[in-house]
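Structure record follows, encoded as structure tokens.
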Number of protein chains: 2
Amino acid sequence: MILKSQVEWALHCCAILAGLPEGRYLSTKALAEFHGLPKEYLSKALQSLSQAGLVHTTLGPSGGYRLAKAPAELTFLEIVEAVEGRSRTFVCTNIRANNPCRAPGYCEETPCAVARIMWEADEAWRDKLRNVRLSDLVEILSKEIPSDLWKRSFEWVLERAG
Amino acid sequence: MILKSQVEWALHCCAILAGLPEGRYLSTKALAEFHGLPKEYLSKALQSLSQAGLVHTTLGPSGGYRLAKAPAELTFLEIVEAVEGRSRTFVCTNIRANNPCRAPGYCEETPCAVARIMWEADEAWRDKLRNVRLSDLVEILSKEIPSDLWKRSFEWVLERAG
DNA sequence: CTATTAAGGACAAAAAATATCCCTATTTTT
DNA sequence: AAAAATAGGGATATTTTTTGTCCTTAATAG
């Protein structure tokens, strides 16, 4: 059970978009080049963000993406779910229904206890991601990344932002 | 990102094995029939439990599986990890290394901040599963399952246990 | 008018999940 | 001693998911 690589890509792209000045846009091409990713496939991840309403887009030259809200209002969970989907990691196929001792037509009203426990763990995972904001990530990165690299990256992006 | 169906199977099988009297064994065949699962493939899940040391096995007629420890000493996490593996759901491919602004030979010493955050969520998921014991599940099931079905299932298993 | 962009559909390749089959060594039962 | 049933595990096949490419369309800036 491994998350799509697009989740990693989307998070890093959002971190870049978070540093974009008001009203500017960054294209798929620039984001793919910056991260060394296949442009066409990264585009699918960005489309997922767009469909989820997390980013705004414009067409044409100087078009691209920008965040739809402030980094402090955007959670990790929103980004992860936009790309990975909202379904649970544990799927209950209700195998208890196959118990040969059961009355034939008997139908369970409540979800299986096994599923409920597994879903609680899923929810703990979501809770954790819901409590991390994109602005938290940016703050950590701004401290960790060498200031010259940070500055050069910022300039690199601005040169390409429409 | 969905857990293997074998995870569900293993949890239900452990719940059954938890009710097995001391010294008795239940075969793959019986477990597969009880849950309506493909015997050969369920066998792989049970082998994973065996390799993880969670169950004991014996060969020959009247052979099969029994728990290696008391249900109160066996956690959901142990069972899930035995089948699903211990790797994290988020894999960091270190795409920050592709940043064209970086010095060529520069090598990160610390894990990426994105990965650290995602791994914390993974750990919250594990913590939740670590704190549920197989005995907790059995207790819930014993309350939820109609007592006649519970009793008949118990008898069904005992008839087939070696 | 031209160049560039996002959106998205169609398709292909690779990887993982889900099986199935068969052989072996062991153990219980007959 | 023989027969039957078992776990273990290797080889292989099928299906689904992930990853990736290619191409068309509509919009937009210069």
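Just so it is clear: chains get the letters A, B, ... in the order the sequence lines come, proteins before strands, and each one is counted from 1.
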A:F34 and its ring pair (Phe, Tyr, Trp, His ring centres under 6.0 Å) partner, picked from A:W9, A:F154, A:W156: A:W156

Distance, rounded to the nearest Å, where B:Q51 contributes CD and D:dG8 contributes P: 8 Å

5' precedence on DNA chain D between B:P61 and A:T58 (nearest-nucleotide basis): B:P61

Sugar-phosphate only, base, or nothing, as touched by A:Y25 at under 4.0 Å among non-hydrogen atoms: nothing

Nearest-angstrom distance from the residue atom NZ of A:K29 to C1' of C:dT4: 9 Å

Donor/acceptor link under 3.5 angstrom from A:K39 side chain onto base of D:dG20: no

Nearest-angstrom distance from the residue atom NE2 of A:H56 to P of C:dT5: 20 Å

Side-chain donor or acceptor of B:D136 paired with backbone N/O of B:R133 under 3.5 Å: yes

Side-chain N,O (B:T57) to OP1/OP2 (D:dA7) below 4.0 Å: no

Distance, rounded to the nearest Å, where B:L49 contributes CG and D:dG9 contributes C1': 16 Å

Sugar-phosphate, base or nothing in reach of B:T28, heavy atoms under 4.0 Å: sugar-phosphate

Side-chain-base donor-acceptor pair under 3.5 Å for A:E40 and D:dG20: no

Sole residue of B:L17, B:L26, B:L20, B:L49 in side chain to side chain contact (heavy atoms under 4.5 Å, CB included) with B:Y65: B:L17

Sugar-phosphate, base or nothing in reach of A:G64, heavy atoms under 4.0 Å: sugar-phosphate

Nearest-angstrom distance from the residue atom CZ of A:R24 to C1' of C:dT5: 16 Å

Length of the CG-P vector between B:L59 and D:dT6, whole Å: 11 Å

Backbone of A:T89 reached by a side-chain donor or acceptor of A:D122 within 3.5 Å: yes

Sidechain-backbone polar pair: A:R102 side chain, A:N98 backbone, donor-acceptor under 3.5 Å: no

Residue pair B:R116, B:E120: steps toward the salt bridge (charged side-chain N to carboxylate O under 4.0 Å, His left out) verdict: CA-CA 6 Å; B:R116 297 202 311 270; B:E120 279 181 33; over 6 Å; no

Donor-acceptor contacts under 3.5 Å from residues 66-79 of chain A side chains, at least two apart:
residue : atom : partner : partner atom : Å
A:R66   : NE   : A:Y25   : OH           : 3.0
A:R66   : NH1  : A:H56   : ND1          : 3.4
A:R66   : NH2  : A:H56   : ND1          : 3.0
A:K69   : NZ   : A:E78   : OE2          : 2.7
A:T75   : OG1  : A:L77   : N            : 3.4
A:T75   : OG1  : A:E78   : N            : 3.1
A:T75   : OG1  : A:E78   : OE1          : 3.4
A:E78   : OE1  : A:T75   : N            : 2.9

Base C:dG9 to side chain A:K44, donor-acceptor N/O within 3.5 Å cut-off: yes

C:dT30: pairing nucleotide in any strand, Watson-Crick or G-U under 3.5 angstrom: D:dA1

Restricting to nitrogen or oxygen on both sides, can you table the protein-nucleotides 12-18 of chain C pairs closer than 3.5 Å?
residue : atom : partner : partner atom : Å
C:dT18  : OP1  : B:S5    : OG           : 3.4
C:dT18  : OP2  : B:S5    : N            : 3.4

Rounded interatomic separation in angstrom, taking CG from A:L42 and P from C:dG8: 15 Å

Distance in angstrom units between A:Q47 CD and D:dA27 P, rounded: 16 Å

